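Inspection log for the structure reproduced underneath, given as C-alpha cells.
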Amino acid sequence: MTDRELAKAYDPKDVEPRWYAYWIEENVFAAVDDAADPRPVYVLPMPPPNVTGSLHMGHAMTCTLEDILVRSFRMRGYNTLWLPGIDHAGIATQTVIERQLKREGTNRHQLGRERFVERIWEWKATSGGRITEQQRVMGTSADWPRTRFTMDAEMSRAVREAFVRLYEEGLIYRGTRLIYWDCEAQTVLSNLEVENEPAKGELFEFAYQVEGGEGELVVATTRPETMLGDTAVAVHPSDPRYTHLHGKRLVHPFVNRTIPVITDGILVDPEFGTGAVKVTPAHDFNDHATGKRHGLEEISILNLDGTLNAEGGPFAGMDRFVARKAVKKALEDKGLARGSKPHDLVLPRSERSGTIVEPMISTQWFVKMQPLAEPALAAVRSGETRIIPEEWTKTYEHFLSNILDWCISRQLWWGHRIPAFHCTDGHITVTREDTLCRCGTCGKPVTQDEDVLDTWFSSGLWPFSTLGWPAQTPALSKFYPASDLETGYDILFFWVARMMMMGIHFMGKAPFSRVLLHGMVVDETGEKMSKVKGNVIDPLDLIHGATFDTVVEKALPGAPPDEALKKFKRAYPSAAQMGAGFPAYGGDALRFTLASYSPQAKRIPLSPRKIEGYRHFCNKIWNATRFALPFLEGAQVADTPPAATLLANRWILSRLDAVTRTARQGIDDFRLDEATQGLYDFFWNELCSWYLELTKPVFGGRKEDEPRRDDDAARETRDVLAYTLEAAMRLLHPFVPFITEEIWQKLPRPGTA
RNA sequence: GGGCGCAUAACUCAGUGGUAGAGUGCGUCCUUCACACGGACGAAGUCGCAGGUUCAAAUCCUGCUGCGCCCACCA
C-alpha cells in the first residue's frame, strides 16, 4: 500500500499505538518554562490517580475531557502544561500492602515501620503507577517528564513547609477532641472519610435504678455497650414525667459509680424513645457536647482495636459488638432490660475499610478551617474562580460556610511524617528539618511524632507543589495559577476546596480560574459501577476488544461465569445482543463517546451501543478520506479558504466556518457534548451525505468510460475539498486524535503541495 | 433535618417564550460505482401531574407526585 491509500475499514489497533509513539518521540506534549516564551499559557493540573489504581471508566472520562481541552489549546498556539502525577494514597496503599503481608503470614508490626515503608517503596517501583501507562492508551497528551509523585522528596519538602507555616500562623494545632476512629485501620478519619449509611437496627431500652431505691429511669439506646461510659442521664427540663428525678443520682449496674440525672433541652427530645437520654460523652458527638455543657466526666471505654478497655469492668477485653450482646444479656439477667423495638438508624462507616467507625476522644492535629475557607469562598463569589456547571457553586458555598476543622493526622506509616518533635517534658517543636535532636524549648532529646498526614494534605498543595514551591522556580512563575482544574464532582470537597484554600493562602491567588466538574460514569441502567454488582468495565477492554468471558471475569472476580455474565448483561442491556464480546472500538471511539455526554449530568450511563455508534463514525471519517484522497492530487491548500465560485463549494466552506465556531464554543464553555454533536453532524450529514455526493459529478471518472475531469470546476472543488478535510481533521483532532493524525499526515495541507 | 438536581420518542439524552430534536433501536427496501462500521424511505412523543403569568409555555412561576445525589451528632 502506498502512502496515499487506505484500508477499506478503519482498524484502530494498527493506528493508535503508532501515533502515540510518534508524539512522544516528537516531544509534542512538552510545555516550556522559559519566561521569554511569548505564547499565552494554558495550564491544567491532572488529578493524580492513586498509586494503587488501575484505569477505570472515571479515569477514562477525566483523561478524555482533559486531553480534549489540552490538545485544543495546544493547537491554538498556547504554551500548554498538562501536569501529570501520582498520589501516594496513604490509607489505600497501606491497606494493599498489609493485605499482601497477611497472605505471607506476617504483618506490619512484625516487619517494623522502617522495613514496612521500604516494602511499599519496593512495591511502588515495580507495580505502582501502572495507571500512567494505561492513560497513554487513551491518548493522554500530558507532559510526562514532569510527572510528580506526592511522596517525592520535593513534594515532601513542600508538605513540610506548608505544615510549618500553618503551624507558625496558628492555623495548625494539636487538640484533644472527639474524632471518628476506624477500628480496623486503627487510625483517625476526617469527617469526609466517613460515610453515613442507613441501616436497620434496634432501639434497646433499659433501666437505671435511682440511688436510694426510689424507682428507676428508663433510657433508650442503639449501642447498649456504650452505657459503660455513661456519666449522666439527661431529661428535658420541662418534661413533667421526670421532674421528681431532677438532681437525683442513678446507680450504674456494672461499674462502681453513680451518675447524675441532668436536664438538657438541647440534647433531649421528650417525644423520642423514653424521653430520657443516657449520656456517653466519650463516644457520641451529641453527648460530648452535652458533657461540655454540664462539665461531665468523659470515660473512654474502647481500646484502639475496638475492644473494651478496663473501664468496661466485667466486659473488658470483649470486642465492641460482642460486648453489645453481653451487656444486653447482663441487663436482662439483672432484670433491668425493658425490651427493644426495630429502629432505622444511620451507621457511620469508614470509606476505606467499610467498618463502623467509633467516636473516640483522641489527641490529633487539626487545621483551623474558617480563616482559610473565607478567602476560598470570596474567590468564587468574586468570579476569580468560576465553577462549571454553575449549579455546583452552591454546594461549594454550603460546604465552606459550614466547614469544621480538618483532622490531618493519621495513625498510619505510609505518608508524610508530621514534622513535629516531642520531648519528655511535653514540649512540641515543629521544624522544616528532616530530623531534630534537641527540643526547641528545653534542649532535651526529642522523638518525632509517630503520625503521618492525611493524603489530601499533600494533594491540596498540588497546583504549586508540583511546580517547585516553596522554591521560586521558573515553572512556578510561569504556570501558577493554573487555567482550569477538571475533575469528577465527587472530590469537590476532598480536593478542589482544599486546593482553593491552600492555593490562596500560600500563593495569594486562587489556583485556577475555572473549576470544571464532570459526573460519575455508571452502568447503562444508572447503577454505580462496583465489584459487588459485577458491572465494572475496564476501558482497555473497550479499546482493545475483549470476549465477555474476560470482561465478566474482571467485573465479578471469582464468580461462576454464567452468573457473572447474566449480571453483566443486565447492567448493560445494549451489550446483551453483542454476541461473544466487545470488538476493539479503539481509543478514539471511546473518547468521542465519553465527550458526547453532557457534563451537567451527574450520572453518565455508559452505553456500549453508543460507543459502537461512534466507532462507525470513525469508520465514516476513514472512508470519506479514502474516497477523497485520489481526487486531491495536486491540491493547493493555504491557511485561508480558497476562493470558491460554485454553490456547493461556497456552501461547504460556510458550513465549515459554522462548525468551527460550534466546536470552539463547545470547548470554551466546557460543553464538549455540543462540540461533538456539531462535529458529528457536520462531518456525516453535511460533508459526507451532501458535499461528497455533489463533488462526484464535478470530478467525474467514476465509471470506466467516463473521463476524470480537469476543468476549473474540478480544480476549485479539489482545493475546497482538500481545505475542508484538512480543517475538519484539525477540528476533530482533540476528540479523536489517533485517526485524525493518521489521515492528516496523508492529506495535502499548507506547505505540502 | 438542611441543600442540590432530575422527570422530553422504545432506550440514552440535547434543547428553546412562538409549527417538537439527535444518536441508538425498530419497520420496509437497497450489496449501485468511499463506507452494510453503508444508503433510501418510514412508524414513533397530550415534552411527569395540576394551577398561574403571557397574544403565545414543553420552555417562566407556584404547588403536587415520582426518582436521585450531597451535607448533617437525634439517643
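Side-chain atoms are counted along with the backbone in the values below, which use heavy atoms only and exclude waters and symmetry mates. Proteins get letters first, then strands, A, B, ... in listed order; numbering begins at 1 in each. Being a predicted model, the structure only gives us computed values, none of them experimental.
Taking 3.5 Å as the limit, the base of B:rC69 and the side chain of A:K602 contain no donor-acceptor pair of atoms between them.
Atom NZ of A:K696 is separated from atom P of B:rG39 by 11 Å (rounded to the nearest Å). In this entry the distance linking CD1 of A:I403 with P of B:rG2 reads 22 Å, nearest Å. For the pair A:F494 CZ and B:rC71 C1', the computed distance is 12 Å after rounding to whole Å. Atom CH2 of A:W406 is separated from atom P of B:rC71 by 16 Å (rounded to the nearest Å). The interatomic distance linking A:N196 (CG) with B:rA75 (C1') rounds to 15 Å, in whole Å. The separation between A:I491 atom CD1 and B:rC69 atom C1' is 17 Å, rounded to whole Å. Distance, A:K620 NZ to B:rG38 C1': 6 Å, rounded to whole Å. Across the protein-nucleic acid pair, A:K13 atom NZ and B:rC37 atom C1' stand 15 Å apart, rounded to whole Å.
Residues that satisfy the side chain to side chain donor-acceptor pair (under 3.5 Å) test with A:Y208, not counting sequence neighbours, are A:D230. A:F254 is linked by a side-chain contact (heavy atoms from CB on, under 4.5 Å) to A:M227, A:L228, A:H252, A:P314, A:F315, A:V327, A:A330, A:L331, A:K334, counting only residues two or more places apart in sequence or in another chain. Every side-chain contact (heavy atoms from CB on, under 4.5 Å) that A:V218 has, sequence neighbours left out, goes to A:E205, A:A207, A:E216, A:T274, A:R338. Applying the side-chain contact (heavy atoms from CB on, under 4.5 Å) rule to A:P389 yields the partners A:E391, A:W392, A:L517, A:Q600; only residues at least two apart in sequence or on another chain are considered. Every side-chain contact (heavy atoms from CB on, under 4.5 Å) that A:C183 has, sequence neighbours left out, goes to A:W181, A:R320, A:E358. Take A:F738 and apply the ring-ring contact (aromatic ring centres under 6.0 Å, His included) test, not counting sequence neighbours, and it matches A:W23. The side chain to side chain donor-acceptor pair (under 3.5 Å) check on A:T290 picks up A:R293, with sequence neighbours excluded.
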Polar pairs (N or O, both sides) under 3.5 Å between protein and nucleotides 12-15 of chain B?
| from | atom 1 | to | atom 2 | distance (Å) |
| --- | --- | --- | --- | --- |
| B:rA14 | OP1 | A:S598 | OG | 3.4 |
| B:rA14 | O3' | A:R671 | NH2 | 3.3 |
| B:rG15 | OP1 | A:R671 | NH1 | 3.1 |
| B:rG15 | OP1 | A:R671 | NH2 | 3.3 |

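Of the C1' atoms belonging to B:rG39 and B:rA34, the separation is 12 Å, rounded to the nearest Å. Separation of the C1' atoms belonging to B:rA43 and B:rA7 is 25 Å when rounded to the nearest angstrom.
Counting any heavy atom pair closer than 4.0 Å across all strands shown, A:G666 reaches no nucleic acid atom. Across all strands, A:F493 comes closer than 4.0 Å only to sugar-phosphate atoms, never to a base (heavy-atom distances). Looking at heavy-atom distances under 4.0 Å, A:L267 makes contact with a base. Using a 4.0 Å heavy-atom cutoff across all strands shown, A:R609 reaches sugar-phosphate atoms only and no base atom.
Contact check of residues 679-694 of chain A against RNA chain B (heavy atom, cut-off under 4.0 Å) returns A:Y680, A:W684, A:C688, A:L692, A:E693.
Each of A:F617 and A:V277 was matched to the nucleotide of RNA chain B holding its nearest heavy atom; the match closer to the 5' end belongs to A:F617.
Listed by first and then second residue, the side chain to side chain donor-acceptor pair (under 3.5 Å) pairs involving residues 582-592 of chain A are A:D67-A:R591 (not counting sequence neighbours).
With B:rC35, B:rA75, B:rG5 as the candidates, the nucleotide lying closest to the side chain of A:E391 is B:rG5. Out of B:rG39, B:rC71, B:rC74, the shortest distance to the side chain of A:F272 is found at B:rC74.
Cation-pi contact between A:K696 and A:F627: present, with separation from the ring centre below 6.0 Å and deviation from the ring axis of at most 45°. Relative to the ring axis of A:Y597, A:K610 places its NZ or CZ within 45° and under 6.0 Å from the centre.
A ring pair (Phe, Tyr, Trp, His ring centres under 6.0 Å) with A:Y614 holds for exactly one of A:F735, A:W684, A:F683, A:Y680; it is A:Y680.
For the pair A:H398 and B:rC4, the criterion of a side-chain N or O lying under 4.0 Å from OP1 or OP2 is not met. A:H343 has a side-chain polar atom (N or O) that falls below the 4.0 Å cut-off from OP1 or OP2 of B:rA75.
The residues A:R381 and A:E397 are annotated as salt-bridged, a charged nitrogen and a carboxylate oxygen being separated by less than 4.0 angstrom.
For RNA chain B, each stem of at least three Watson-Crick or G-U pairs (distances under 3.5 Å) is given as range with range: B:1-7 with B:65-71, B:10-13 with B:21-24, B:26-30 with B:38-42, B:48-52 with B:60-64.
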Would you give me the side-chain donor-acceptor pairs under 3.5 Å for residues 488-498 of chain A, sequence neighbours excluded?
| from | atom 1 | to | atom 2 | distance (Å) |
| --- | --- | --- | --- | --- |
| A:W495 | NE1 | A:S459 | O | 2.9 |
| A:R498 | NH1 | A:F494 | O | 3.1 |

